[in-house]
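First comes the structure, then the notes that go with it.
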Amino acid sequence: MTILDIGSTPPDFILPRDGGGTITLSGLRGKPVILYFYPKDDTSGCTQEAIEFSGLRPQFEKLGAKVIGMSPDPVKKHDKFKTKHDLKVDLVADEDKAIIEAYGLWVEKSMYGRKYMGVERTTYLIDSAGKIARIWNKVKVPGHAAEVLEATKALSA
């Protein structure tokens, strides 16, 4: 596993996306990309995060930025999640967790004293040259999408 830091090139991927087809990170070079990792579709925090990013999608688009959410859930679950909450962001499925692991985000977590493996909620802002411009680790959802938007504006300025 590579340690990812500001200025480094994130691992590329080609993954199935909601609605069919695939998304390739390297295929988005030339525009900023917001890549956010989240644990599970249709849970309270993940739903709030996706709704907040969806609500700001027009502002991200004005900056030429693409917002992509990634979790280990299958595409069919992503499709249901998007429809149920009228989400406007792209969701990719990393069912075997290879990319999540490549980013170092498949980690041991603990809830109510029980230890388990899961996705550490993290967001990467990747610049148009394909380099990491900003990282948010262990994201707290409320207001996060707005903070990412501000950072994207600063990147585009």
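Numbering starts at 1 and runs along the sequence shown. Quick caveat, the model's predicted, so the values are computed rather than measured.
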Check residues 129-141 and write down every donor-acceptor pair under 3.5 Å in which the side-chain atom is one partner and the other belongs to a residue at least two apart or another chain.
unit_1 : atom_1 : unit_2 : atom_2 : d
Lys131 : NZ     : Thr9   : OG1    : 2.7
Arg134 : NH2    : Glu147 : OE2    : 3.4
Trp136 : NE1    : Glu147 : OE2    : 2.9

Going by the angle between their ring planes, with limits at 30° and 60°, are Tyr124 and Phe37 parallel, tilted or perpendicular? perpendicular
Report the distance from atom CG of Asp90 to atom CD1 of Ile23, rounding to the nearest 0.5 Å. 4.0 Å
Taking side chain as C-beta onward, heavy atoms only, is Leu125 less than 4.5 Å from Thr152? yes
For residues Val33 and Leu25, determine if any side-chain heavy atom of one lies less than 4.5 Å from a side-chain heavy atom of the other. yes
Given the rule in the side chain to side chain contact (heavy atoms under 4.5 Å, CB included) test, do Leu87 and Ile51 qualify, once you have shown the distances and angles that lead to the verdict? CA-CA 6 Å; Leu87 302 176; Ile51 288 171; 3.8 Å; yes
The criterion is ring pair (Phe, Tyr, Trp, His ring centres under 6.0 Å); which residues satisfy it with Phe13, sequence neighbours excluded? none
Does any N or O in the side chain of Ser8 come within less than 3.5 Å of the main-chain N or O of Leu4, such that one atom is a donor and the other an acceptor? no
From Lys31 NZ over to Leu63 CG, what is the distance, rounded to the nearest 0.5 angstrom? 12.0 Å
Donor-acceptor check, side chain of Asp12 to backbone of Ser26, threshold 3.5 angstrom: yes or no? yes
Testing the basics here: between Gly143 and Glu52, what is the closest heavy-atom pair and its distance to 0.1 Å? N-OE1, 3.3 Å
Partner residues of Tyr38 under the ring pair (Phe, Tyr, Trp, His ring centres under 6.0 Å) criterion, sequence neighbours left out: Tyr36
Working for side chain to side chain contact (heavy atoms under 4.5 Å, CB included), residues Met70 and Leu15: CA-CA 9 Å; Met70 183 185 302; Leu15 288 172; 3.5 Å; yes
In Asp73, Asp41, Thr83, the residue satisfying side chain to side chain donor-acceptor pair (under 3.5 Å) with His78 is Asp41
Tell me whether Asp127 contacts the main-chain N or O of Pro32 through its side chain, where contact means a donor paired with an acceptor under 3.5 Å. no
Could you tell me if the side chain of Pro11 sits less than 4.5 Å from the side chain of Tyr103, heavy atoms only? yes
Is the count of non-hydrogen atoms from other residues, nucleotides or ligands lying under 6.0 Å from Lys109 atom NZ greater than 12? yes
Check Lys88, Lys80, Lys82 against Asp18 for a salt bridge (Lys or Arg N to Asp or Glu O under 4.0 Å) and give me the one that passes. Lys82
Residue from Pro16, Pro74, Pro72 passing side-chain contact (heavy atoms from CB on, under 4.5 Å) with Glu95: Pro74
NZ (Lys97) with more than 12 external heavy atoms under 6.0 Å: yes
Nearest 0.5 Å, please: how far is OH in Tyr116 from CD in Glu108? 10.5 Å
Kindly give the heavy-atom pair with the smallest separation between Ser71 and Ile100, and that separation in Å. C-CD1, 4.0 Å
Kindly compute the distance separating CD (Gln48) from OG1 (Thr43), expressed to the nearest 0.5 Å. 10.5 Å
Gap between atom CG of Leu35 and atom OG1 of Thr123 - 0.5 Å precision: 8.0 Å
Can we say Glu61 and Lys66 salt-bridge, meaning some charged N sits less than 4.0 Å from an Asp/Glu carboxylate O? no
CZ on Arg121 to CD on Glu49, rounded to 0.5 Å: 5.0 Å
Does the side chain of Val75 come within less than 4.5 Å of Leu91's, by heavy atoms? no
Under 3.5 Å donor-acceptor, Asp79 side chain and Gly19 backbone: yes
Check: Glu120 main-chain N/O paired with Thr122 side-chain donor or acceptor under 3.5 Å: yes
Salt-bridge present (Asp42, Lys40; N to O < 4.0 Å): no
Would Leu105 end up clustered with Met117 when hydrophobic side chains under 4.5 Å apart are linked, directly or stepwise? yes
